[in-house]
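Below you'll find the structure, written out as structure tokens, and then a few comments.
Here is how names work: the chains are called A, B, and so on, in the same order as the sequence lines, proteins then strands, and each is numbered from 1.
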2 protein chains.
Amino acid sequence: MATSFAEENYLKIIYRLSESTLEDISTNAVAELTQTKAASVTDMLRKLAEKGWVNYQKYQGVRLTEEGEKIALSVVRKHRLWEVFLVDKMGFNWDEVHEIAEQLEHIESEALINKLDEFLDFPKTDPHGDPIPNKEGILPELSYVHLSDLKENKACVLMGVAKDSAVFLQLLTRLNLSLGAKLMVKEINSFDRSISVSINDSEPVFISHEVAKNILIKLG
Amino acid sequence: MATSFAEENYLKIIYRLSESTLEDISTNAVAELTQTKAASVTDMLRKLAEKGWVNYQKYQGVRLTEEGEKIALSVVRKHRLWEVFLVDKMGFNWDEVHEIAEQLEHIESEALINKLDEFLDFPKTDPHGDPIPNKEGILPELSYVHLSDLKENKACVLMGVAKDSAVFLQLLTRLNLSLGAKLMVKEINSFDRSISVSINDSEPVFISHEVAKNILIKLG
DNA sequence: AATATTTTTTAGTCGAGGCTAAAAATTTAT
DNA sequence: ATAAATTTTTAGCCTCGACTAAAAAATATT
Ligand SMILES: [Mn+2]
Ligand SMILES: [Mn+2]
Ligand SMILES: [Mn+2]
Ligand SMILES: [Mn+2]
């Protein structure tokens, strides 16, 4: 069955919300991310339920079916592969690609996306460290930790970000924080939980708790 | 002003029709190419006229304004650049790319299309030999001739096709006819105007007038 | 347990971009 | 110059995906 841009966006957003909770997703939560009103969401949820892509009972919230999740994962796959393309091949910065990928993720061609995957050498993660589903819809397992949860004097590597807004990414860039940077927390200030962190063995810089929370790292 | 997919498709089609005539374009001609009904076209022409992209007076046919032509050329540029990408970088055949490019041509990012242009080494023509407008909207001058207009025993090179339907392209491929092929017309049959043509110095094969008409060549 | 607040759904509307059927204008044929 | 045929427009309707305002249900507070 064919999926419209609007339907794909809803499914993708329900998927994203489902990643961080086991509970059913509320109408309002969907409305916030789709940038629409709750009434519009209710309409769409009924439609998605009719097509068998979500389980939805009024007032009970919504949850993806297997088929719905499959579609969502294919949109996520396309979004992230196109982001890799834009950064690795087109020379964009990581804070410039999200909006363009929001458009490209709706291009419908199984053949194209698989050739693109190959062209990019089957990347496991996108420019923000987010995992890319393979063509069967399987996500690679990544066990990342928030920089804010790290103890002092442990070496680690920046593997991703938990938020990909342009302003946040630009801030990281200004601090010389990019994927692969070697980090070590030198000091944690109990007052505001800000941290002092050394980046690639340079002089430590200060980072707010808010920023540290959105930086994903792996140990070692 | 923002342009919808539908508007871009209409402008592109009016542009295409304008290439082969100096007269105003008829509602029916547009309807045929957009695969819609004349009544729908009338509606859209009124809308395009309101936005200043076409000159349109009822019953008089339609013609692009400068601004309308600029938009049409930018869509054509995107379409053809993406086709080059699909063939040269993704490994598609020339008969497989049109449908995908129909989608990609609507991706809105000036920055992306200019980076793509550079990535592809500023190609002058697409995989079907059609000229690609540069970022100022200037088309390279190509003076191609139809193979059906050629005299016997003149050497020439296949530079493009005047029709890019998949079946036609597949036929050419089966005949070993691709861009750059060296051709020489050995015989013209006055009965049905079919021709006998040698391809890359091999034994001559028969080609119908209909096919020859849609093959573009340059002399020498 | 009753009431106040918040969330969600319903009802009705809108614009975009299609459609069909009928009317009007234009073009072609007699 | 009429009449016939063709083309184009108008009128009215439809679906999709939004919206607002009002009603209903669920949840929180006293
Ligand atoms: Mn993104
Ligand atoms: Mn990303
Ligand atoms: Mn094409
Ligand atoms: Mn082409």
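When the C1' atom of dC16(D) is taken as reference, atom CG of Asn9(A) falls 14 Å away, rounded to whole Å. Distance, Glu7(A) CD to dA18(D) P: 10 Å, rounded to whole Å. Atom P of nucleotide dT8(D) and atom CG of Leu45(B) are separated by 10 Å, given to the nearest angstrom. Atom pair Asp43(B):CG and dT15(D):C1' shows a separation of 15 Å (rounding to whole Å applied). Distance, Glu50(A) CD to dT15(D) P: 13 Å, rounded to whole Å. Atom CE in Met44(A) sits roughly 10 Å away from atom P in dC16(D) (whole-Å rounding). If you measure from atom CZ of Arg46(A) to atom C1' of dT8(C), you get 13 Å, rounded to the nearest angstrom. Put simply, CD on Gln60(B) is 11 Å from C1' on dT8(D), counting in whole angstrom units.
For the 3.5 Å distance criterion, the side chains of Thr173(B) and Trp94(B) qualify, holding a donor opposite an acceptor.
Here the CG-CD1 distance, from Leu175(A) to Ile207(A), works out to 6.0 Å after rounding to the nearest 0.5 Å. Atom OH of Tyr10(A) and atom CE of Met44(A) lie 5.0 Å apart (nearest 0.5 Å).
Put simply, the residue from Val75(B), Ile138(B), Leu139(B) that forms a side chain to side chain contact (heavy atoms under 4.5 Å, CB included) with Pro133(B) is Leu139(B).
Salt bridge Glu210(A)/Lys213(A): present, at least one basic N to carboxylate O contact under 4.0 Å. A salt bridge links Lys12(A) with Glu102(A): the distance from a Lys NZ or Arg NE/NH1/NH2 to an Asp or Glu carboxylate oxygen falls below 4.0 Å.
For the pair Tyr10(B) and dG18(C), the criterion of a side-chain N or O lying under 4.0 Å from OP1 or OP2 is met.
With sequence neighbours left out, the ring pair (Phe, Tyr, Trp, His ring centres under 6.0 Å) criterion links Trp82(A) to Phe85(A). For the ring pair (Phe, Tyr, Trp, His ring centres under 6.0 Å) test, residues two or more places apart in sequence or in another chain that qualify with His106(B) are Phe5(B).
For the pair Glu19(A)/Arg16(A), a side-chain contact is recorded, criterion being any heavy-atom separation below 4.5 Å from C-beta on. Annotation: side chain of Glu8(A) is not in contact with side chain of Ser74(A) (no heavy-atom distance under 4.5 Å).
Where Tyr59(A) and Phe5(A) meet DNA chain D, the nucleotide closest to each residue was compared, and Phe5(A) sits on the side nearer the 5' end.
Remark: Tyr56(A), Lys58(A) in residues 51-58 of chain A come within less than 4.0 Å of DNA chain C through at least one heavy atom. Remark: nothing in residues 16-24 of chain A comes within less than 4.0 Å of DNA chain C through any heavy atom. Within residues 27-42 of chain A, the residues that have a heavy atom under 4.0 Å from DNA chain C are, in order of number, Thr27(A), Asn28(A), Ala38(A), Ala39(A), Thr42(A).
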Show every donor-acceptor pair shorter than 3.5 Å between a side-chain atom in residues 27-34 of chain B and any protein atom, with sequence neighbours excluded, or say none if there are none.
{"residue": "Thr34(B)", "atom": "OG1", "partner": "Val30(B)", "partner atom": "O", "Å": "2.9"}
{"residue": "Thr34(B)", "atom": "OG1", "partner": "Ala31(B)", "partner atom": "O", "Å": "3.3"}
{"residue": "Thr34(B)", "atom": "OG1", "partner": "Thr36(B)", "partner atom": "OG1", "Å": "2.8"}

